[in-house]
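The structure appears right after this line, and notes come after that.
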Amino acid sequence: MSNRKSKGKKALSIIILIILLIVVGGFASYKVISSPASANATEVEISVEAGATLDQVAAELEEKGLVKKALFFKVYSKLFDSPEEIKAGPHVVRANMHSSEIMAALKKSGEVSKNSVTIPEGYTLDQIATKLEDAGIVSRDELYDEVRNGDFDYSFIEKQKMDSTRLDGFLFPATYNFTKGMSAHEILDTMLRTFENKTEEIFKKFNNTNQSYNYIITVASIVEKEAQKDDERAKVASVIYNRLDANMPLQMCSSIQYILGEPKEILTEDDIAISSPYNTYENIGLPPGPICNPGIASIEAALKPEKTKYMYFVLSEKLDGSQRFSVDYDEFLKNKDAYYDALKKAGRN
């Protein structure tokens, strides 16, 4: 009798083990066939023709790198979703979507409403937020809430910073086609991913000093705001580094403009006395973070500054955005006076 019970228990154990293996195997299989093709968050538009088969849809997804294998997507769709609900028309999909998210996008009405928005080089987060809200893409409140609290897994974002400034500098200036209805997280992630894609190689190639992203992009952001001519960006960067090496205050007007939040052609004594860690007149060293989102030319200048002895620069009397660079203070004062005289003659002072 006990022998029979023992055999019965053994059989039951085997059955339970088989069921567990099936469940575990099924879960593992689900993960394999439904996981994203890559971490790429770039939006890709695909068009589903009326009467298209699942085979045709899956083949296009694989061809555009949106799924790992067309076969995996077909198996997932048939086992876990409703491929017959896929709608004809244009759809926007990303390679970092799970199969379930791709299917959800394909089952929506096949109409894609996109807004083309250009983020200029040198824009701050505040300016970006205003532009996106004005375009009807996302509200400032939603964007700022996500900036402060969103989880973004990028090596260049300082994990300890959880405030409204932590993404400034890393929202790459470019023209984006944002889809209406995109979340604040998706919008910011697209811009951060673009920054990563655009800068990864030049950081590997030129960051010989192994400075942090925050350090280099902070320098680049000052270059972006101070230099209006591309051929002067590397010279401006050299002045920044020369002053840092000499332990001198940077005294960059652009840092005060960042504190003020709006441009002023002429700063007052009160302006440059504002108490803020971003005030480079009052504090020695770089500000705690970037003061704008720089373009690739300014980032390259921060990584590859000219080797000069310049310690000063000021806008030239030509009033064309060019700079006068100088080694000694007396020459700087002469250049400064010439600039202010030119402003006065032009009725701008």
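Positions are given from 1 along the sequence.
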Using 4.0 Å as the upper bound for N to carboxylate O, is an ion pair formed by Glu226 and Arg233? no
Can you find a heavy atom in the side chain of Glu224 that is under 4.5 Å from one in the side chain of Asn293? no
State, without any angle test, whether Asp328 and Tyr312 hold a side-chain donor-acceptor pair at a distance under 3.5 Å. no
Tell me, with the steps shown, if Ser47 and Glu49 meet side chain to side chain contact (heavy atoms under 4.5 Å, CB included). CA-CA 6 Å; Ser47 182; Glu49 300 293 331; 4.1 Å; yes
Mark yes when over 12 heavy atoms from residues, nucleotides or ligands other than Lys131 sit less than 6.0 Å from its NZ; otherwise mark no. yes
Taking Glu101 first and then Arg94, would you say they form a salt bridge - that is, a charged N and a carboxylate O separated by under 4.0 Å? no
Is it true that, when you exclude Lys334 itself, more than 12 heavy atoms of the residues, nucleotides or ligands shown sit nearer than 6.0 Å to its NZ? no
If you measure only the distance, is there a donor-acceptor pair under 3.5 Å linking the side chains of Thr53 and Asp55? no
Interatomic spacing from OG in Ser77 to CG in Leu54 - rounded to 0.5 Å: 5.0 Å
Please find the pair of heavy atoms, one from Pro36 and one from Ala95, that lie closest to each other, and give the distance. CB-O, 3.5 Å
Is it the case that Thr268 and Asp271 place a side-chain donor and acceptor less than 3.5 Å from each other? yes
Would you check, one step at a time, whether the test side chain to side chain donor-acceptor pair (under 3.5 Å) holds for Asp141 with Ser139? CA-CA 5 Å; Asp141 288 346; Ser139 74; 5.5 Å; no
Parallel, tilted or perpendicular, judged at 30° and 60°: which one describes the rings of Phe156 and Tyr213? tilted
In the structure I gave you, are the side-chain heavy atoms of Tyr144 and Asp126 within less than 4.5 Å of one another anywhere? yes
Find out whether Leu315 and Gln228 are in side-chain contact, i.e. whether some heavy atom of one side chain is under 4.5 Å from a heavy atom of the other. yes
Going by atom types only, do Ser35 and Lys68 share a side-chain donor-acceptor pair under 3.5 Å? yes
Between Tyr278 and Asn283, does a side chain to side chain donor-acceptor pair (under 3.5 Å) hold up when you go through it step by step? CA-CA 8 Å; Tyr278 284 87; Asn283 305 297; over 6 Å; no
Side chains of Asn40 and Asn96 in contact at under 4.5 Å (non-hydrogen atoms): no
State plainly whether one hydrophobic cluster holds both Ile222 and Ile284, where clusters connect Ile, Leu, Val, Met, Phe, Trp and Tyr through side-chain heavy atoms under 4.5 angstrom apart. no
NZ of Lys108 to CD1 of Ile86: how many Å apart, nearest 0.5 Å? 14.5 Å
Side chains of Tyr154 and Asp189: is there a donor and an acceptor less than 3.5 Å apart? yes
Are Pro287 and Thr218 close enough that some pair of their side-chain heavy atoms sits under 4.5 Å apart? yes
Asp151 CG to Ile157 CD1 distance, which is reported to the nearest 0.5 Å: 9.0 Å
Least distance between heavy atoms, Ser164 atom then Leu125 atom: O-CD2, 3.0 Å
Without hydrogens or angle criteria, can the side chains of Tyr310 and Asn242 be said to hold a donor-acceptor pair below 3.5 Å? no
Taking the six-membered ring for Trp, are Phe325 and Phe313 parallel (under 30°), tilted (30 to 60°) or perpendicular (over 60°)? tilted
Determine, stepwise, if the pair Glu331 / Ser326 fulfils side chain to side chain donor-acceptor pair (under 3.5 Å). CA-CA 6 Å; Glu331 186 182 354; Ser326 53; 5.0 Å; no
If you draw a 6.0 Å radius around NZ in Lys336, do more than 12 non-hydrogen atoms from other residues or ligands fall strictly inside? no
Could you go step by step and tell me if Asp168 and Tyr258 meet the side chain to side chain donor-acceptor pair (under 3.5 Å) rule? CA-CA 11 Å; Asp168 234 344; Tyr258 182 72; 3.2 Å; yes
Using a 6.0 Å cut-off, check whether atom CG of Asn149 has over 12 heavy atoms from anything other than its own residue. yes
Can you tell me how far the CE atom of Met103 sits from the CD atom of Glu85, to the nearest 0.5 Å? 7.5 Å
Does a salt bridge link Lys64 with Glu60, judged by any charged N lying under 4.0 Å from a carboxylate O? yes
